[in-house]
Amino acid sequence: MSTFLLKFKAILTKYPVTRGMVSYSLIWPTSSLIQQTFENKEWGHYDWWRCLRFSLYGGLFVAPTLYGWIKISSAMWPKTSLRTAVMKAAVETISYTPAAMTCFYFIMSLLEMKTIGEASAEVSKKFLPTFKVAASIWPIVATINFSLIPEKNRVPFISVCSLIWTCFLAYMKHLEHHEVDDEEKFILAKKKEK
């Protein structure tokens, strides 16, 4: 067994993207399980296929694309100053984040065997409410990531931070279209009360 672990460690060292892939393939289904727990599901009634979809998507899509974004942004802005971090976070919020959320809803819908039309409808319905929340959270996390965390640990750091975020995504993904409308009406009503 120790030979296997040594080879696995060598792969993680030689190919840094694999650290993120391993992290995301574990964290994303964990988030799905947490979200399903909030749905009051019991152990025998969890949707394990949903967890598998989250694992595949997190490990095979999110981790490599995030790794690529971090490499590109590090090449574009090699400094680790606060100013550079804020710039990277702003660019990420207007470039990577919308693409990542669109891909999440679209690809996860396809993994659920929905049609392209159904996947597109889900993106159009859920994108804006999700982006509003993302734009209020991720610039802060990204600024910390780009200014304080060493480059080799940025994808694992973000993967840990994304546990709670992915619980939110799992919640949004689980909502039906009419429930998204109900959530928006609830939020608007609360704002008017203030």
Side-chain angles (χ1 to χ4, degrees), residues 8 12 18-67 93 96-115 118-119 121-142 144-145 149 153-191 193:
F8 185 67
L12 293 178
T18 57
R19 287 184 289 167
M21 292 174 77
V22 170
S23 297
Y24 273 64
S25 66
L26 297 173
I27 288 172
W28 276 60
T30 301
S31 295
S32 177
L33 286 172
I34 292 168
Q35 185 272 327
Q36 289 184 57
T37 302
F38 283 113
E39 290 174 24
N40 294 320
K41 290 198 175 186
E42 295 177 9
W43 184 255
H45 297 97
Y46 283 101
D47 184 345
W48 297 105
W49 288 111
R50 188 188 317 177
C51 292
L52 178 62
R53 288 190 298 271
F54 270 78
S55 181
L56 292 172
Y57 183 79
L60 299 178
F61 185 82
V62 175
T65 59
L66 184 58
Y67 178 81
T93 301
Y96 178 81
T97 301
M101 286 187 305
T102 300
C103 290
F104 170 73
Y105 287 121
F106 194 80
I107 294 171
M108 289 294 283
S109 293
L110 294 179
L111 289 173
E112 292 172 342
M113 306 307 255
K114 291 181 179 177
T115 66
E118 291 169 325
E122 186 162 1
V123 170
S124 68
K125 193 65 169 177
K126 296 179 180 179
F127 175 83
L128 191 56
T130 308
F131 183 73
K132 287 177 185 178
V133 174
S136 66
I137 295 170
W138 282 105
I140 296 165
V141 173
I144 291 168
N145 191 38
I149 307 298
N153 294 323
R154 288 181 183 161
V155 170
F157 170 78
I158 288 293
S159 66
V160 170
C161 293
S162 75
L163 179 66
I164 294 170
W165 173 248
T166 308
C167 289
F168 173 73
L169 286 179
Y171 166 75
M172 289 298 291
K173 179 69 181 110
H174 182 68
L175 287 178
E176 296 298 328
H177 295 310
H178 68 279
E179 292 172 315
V180 173
D181 292 335
D182 293 344
E183 288 287 318
E184 288 175 347
K185 289 176 188 173
F186 177 76
I187 291 169
L188 287 174
K190 286 292 183 189
K191 284 183 180 178
E193 288 176 7

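This structure is a prediction, so every number in the text was calculated from the model and none was measured.
- The shortest distance between side-chain heavy atoms of S31 and W165 does not fall below 4.5 Å.
- W48 is not listed as a side-chain neighbour of P29, based on a closest heavy-atom distance of 4.5 Å or more.
- Among all heavy-atom pairs drawn from P139 and A134, the shortest one is CD-O, 3.5 Å.
- Residues Y105 and L169 come closest through the heavy atom pair OH-CD2, 4.3 Å.
- Atom CE of M101 sits about 11.0 Å away from atom OH of Y96, to the nearest 0.5 Å.
- Although no hydrogens or angles enter the test, the distance criterion places a donor-acceptor pair under 3.5 Å between the side chain of T115 and the main chain of E118.
- With sequence neighbours left out, the side chain to side chain donor-acceptor pair (under 3.5 Å) criterion links R50 to Q35, E39, H174.
- With values rounded to the nearest 0.5 angstrom, L33 atom CG is found 3.5 Å from C51 atom SG.
- Within the model, atoms CD1 of I137 and OG of S162 stand 12.0 Å from one another, a figure rounded to the nearest 0.5 Å.
- R53 is listed as a side-chain neighbour of D47, based on a closest heavy-atom distance under 4.5 Å.
- Distance check, rounded to the nearest 0.5 Å: CG of N153 to CG of N145 gives 9.5 Å.
- Looking at heavy atoms from C-beta onward, M21 lies out of side-chain contact with Y67 at the 4.5 angstrom threshold.
- Here S124 pairs with nothing under the side chain to side chain donor-acceptor pair (under 3.5 Å) rule; sequence neighbours left out.
- Using a 4.5 Å heavy-atom threshold, the side chains of V62 and F104 count as separate.
- Note that CH2 of W138 is 10.5 Å distant from CD1 of I144, once rounded to the nearest 0.5 Å.
- Heavy atoms only, all atoms of each residue included: G59 and A63 are closest at O-CB, 3.9 Å.
- Within a 6.0 Å sphere centred on CD1 of I140, other residues, nucleotides and ligands contribute 12 heavy atoms or fewer.
- A search for side-chain contact (heavy atoms from CB on, under 4.5 Å) contacts involving L56 returns L52, L60, not counting sequence neighbours.
- For the pair P64/Y24, no side-chain contact is recorded, criterion being any heavy-atom separation below 4.5 Å from C-beta on.
- To the nearest 0.5 Å, the span separating CZ on F61 from SG on C103 amounts to 3.5 Å.
- Between the S25 side chain and the S55 main chain, no donor and acceptor come within less than 3.5 Å of each other.
- Contacts of S32 classified as side chain to side chain donor-acceptor pair (under 3.5 Å), with partners at least two apart in sequence or in another chain: Q36.
- What you find for T102 and V123 is that their closest heavy atoms are O-CG2, 3.7 Å.
- Between T30 and F54, every side-chain heavy-atom pair lies at or beyond the 4.5 Å cut-off.
- Smallest separation of non-hydrogen atoms from L175 and K126: O-NZ, 2.5 Å.
- When all heavy atoms are compared, the tightest approach of T130 to F168 is CG2-CE2, 4.1 Å.
- Contacts of Y57 classified as side chain to side chain donor-acceptor pair (under 3.5 Å), with partners at least two apart in sequence or in another chain: none.
- Legend: residues meeting salt bridge (Lys or Arg N to Asp or Glu O under 4.0 Å) with K114, ordered by chain and number and at least two apart, are E112, E122.
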